[in-house]
Amino acid sequence: MSLRVHNSLSRKKETFKSITDGHVGMYVCGPTVSGESHLGHARPFITFDVIYRYLLSLGYKVRYVRNITDAGHFEEEGREAEDKISSKAVIEKLEPMELVQKYTNLFHWAMTQFNNLPPSIEPTATGHIVEQINMIEEIIKDGYAYVANGSVYFDVEKYNSDFSKKGQPYGLLSGRNIEEQQDTTRELENQDEKRNKNDFALWKNAPPEHIMRWKSPWGEGFPGWHIECSAMSTKYLGDEFDIHGGGMDLIFPHHECEIAQSTVCNHKTPARYWLHNNMITINGRKMGKSYNNVIKLSELFGGTHPLLTQAFHPMTIRFFILQTHYRSTLDFSNEALIAAEKGLKRLWEGYENLQKLRVTSNQQPETETDSKALKLLGEFDEFMDDDFNTAKVLANMFELVPIINGLKNKQLEADTLSPSTIQSLQQKFKIYLEDIFGLRGDSVDNEQLNGVLQLLINIRKEAKAKKDFVTSDTIRNELIKLGVQLKDEKDGTVSYSVN
RNA sequence: GGUCCGGUGGCCGAGUGGCUAGGCAGAGCUCUGCAAAAGCUUCCACAGCGGUUCGAAUCCGCUCUGGACCUCCA
């Protein structure tokens, strides 16, 4: 069995083979910290966190690099050239780095909420200005960039004609044909500095009012958007590394440009496997700033957005995302999240029940259920090896839940499953749910609350014994209103779950 | 206009030739003082029209339709 991944470069599933045995280098495009993260941002970071975790579970030593873009991107909206961070800083009356710090902190907070593992290295663009300048100088020296009015542009035309001969034309990743694009690119004004519409900025001359600026051989300015990823991935992962990840919307132009820059400097396509997650949509439309339809993570966790009827736990979001294959769009709605919340609750309670199952008999039954369970369990690895199909693993888990609950509630014979099957279930569920999927329950380990509830449970029990159902039902119903659900177990005990 | 990807039951969503996906919601039953929880059973699909095939949600063609990228974007 071996891992197969869908490579955007070939548009096919390929068997994954790392460049260095036992090691994987993975670069994932991180956030631009000029604003608060929204639900759409959550998807890549959760997706690649699970990929990272799965690679670790396969025994790879992984260097996972995820950048923070804290040097404003050059933005072209019609004729205006604008730096996102600079302009936002002016609006919020903050020093640019103050703004960047604020949103970096918020981003890290969200990542913690999602239980994402921290990357091995989290480099910032502003911390690598020197590397970026060096790289730009190299590209100029090789003749693939030119200086104009203190800015530097990448010469896409020249790159394409030279590298096409080597089988590396510009547009390799996105399937774009540069000749065809000439006619289809939209008219942008103030583009006279560029020799060609397809050329992109490596370095941008900073106008006097621009507050984020660095000295460079070409005057004071700031780096173009694409160069930071090339510079930082090369620095920490080398000329060629295993996996480059990000959202599908980055394929063009961002990743295409990265490939061009890195190929000039390092003479290789930087990464072997390009993995891209699909978008989260809302009413069938991509959630994005430009569409003005984003739901911020803080609004989601707090239930403060008008489209939401309640707050949603970060784990619900995580589970919601994992229920879909990462390369499919995922349509968000309040209803879908509620469904995910209930599903996760059921799954997690099944998981907890499973861990409490005691192995008593030592028989090795040949029951159909036993072999079914083993089959479902065995497929976990197959599904993950098939381009990280978390959705199918979860479906199998849900098929196992009734067996687990049936055993717990004695609706199934105690020896329906063999002890070894139960142990495999316990181990595999733990590895998958906690280590690979990164899910966790909110364990209510509150002795005070537990004590209070035990008291109420005992009072209710006494009331029931006296057939005082008014009292017993009051306790049960009032607790439900407070989010505590009492469960009368088969053996006469009472347990509870807190929402 | 160019490039690409979709259209699956009330909702979300797996699935690339034959086998029940799964979750949520709905219905019935068991259990229960009544419920809840749990278990069991069950209803509701593959945009349309052709074609290939013994057999298609799955392959091919056409039509309709939604979306992404081409500009910052996860």
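What you see is a predicted model; the values in this text were computed from it and never measured.
- Taking 3.5 Å as the limit, the base of B:A35 and the side chain of A:D473 contain no donor-acceptor pair of atoms between them.
- Aromatic stacking is marked for A:F469 over B:G33, as both cut-offs hold: 5.5 Å for the centres and 30° for the planes.
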Report task. Spell out protein contact along nucleotides 12-20 of chain B as letters: B when the base is contacted, S when just the sugar-phosphate is, - when no protein heavy atom is under 4.0 Å; keep the 5' to 3' order. Result -> SSSS-----
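- Residue A:K487 places its NZ atom among more than 12 non-hydrogen atoms of other residues, nucleotides or ligands, all under 6.0 Å distant.
- Looking at A:D387 and A:R327, a side-chain N of the basic residue comes within less than 4.0 Å of a carboxylate O on the acidic one, giving a salt bridge.
- Using a distance-only test at 3.5 Å, with no hydrogens or angles considered, no donor-acceptor pair links the side chain of A:N283 to the main chain of A:R285.
- In terms of position along RNA chain B, the nucleotide closest to A:E335 lies nearer the 5' end than the nucleotide closest to the other residue of the pair A:E335 and A:A395.
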Requested in this report: Show your reasoning for whether side-chain hydrogen bond (donor to acceptor under 3.5 Å, both in side chains) applies to A:N67 and A:Y27.
Outcome: CA-CA 8 Å; A:N67 64 295; A:Y27 188 92; 3.2 Å; yes
In a table with atom names and distances, give each donor-acceptor pair under 3.5 Å that connects a side chain of residues 391-404 of chain A to protein atoms at least two apart or in another chain.
residue: A:N396; atom: ND2; partner: A:L376; partner atom: O; Å: 2.9
residue: A:N396; atom: ND2; partner: A:E379; partner atom: OE1; Å: 2.8

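- Between the base of B:A38 and the side chain of A:Q411 there is a donor-acceptor pair shorter than 3.5 Å.
- In this model, a side-chain donor or acceptor of A:R476 finds a partner on the base of B:A35 within 3.5 Å.
- Within the nucleic acid shown, A:M287 comes within 4.0 Å of at least one base atom, counting heavy atoms only.
- Remark: the separation of the P atoms in B:A14 and B:U52 is 32 Å, to the nearest Å.
- For A:R285 and A:G343, each mapped to the nucleotide of RNA chain B holding its nearest heavy atom, the one lying further toward the 5' end belongs to A:G343.
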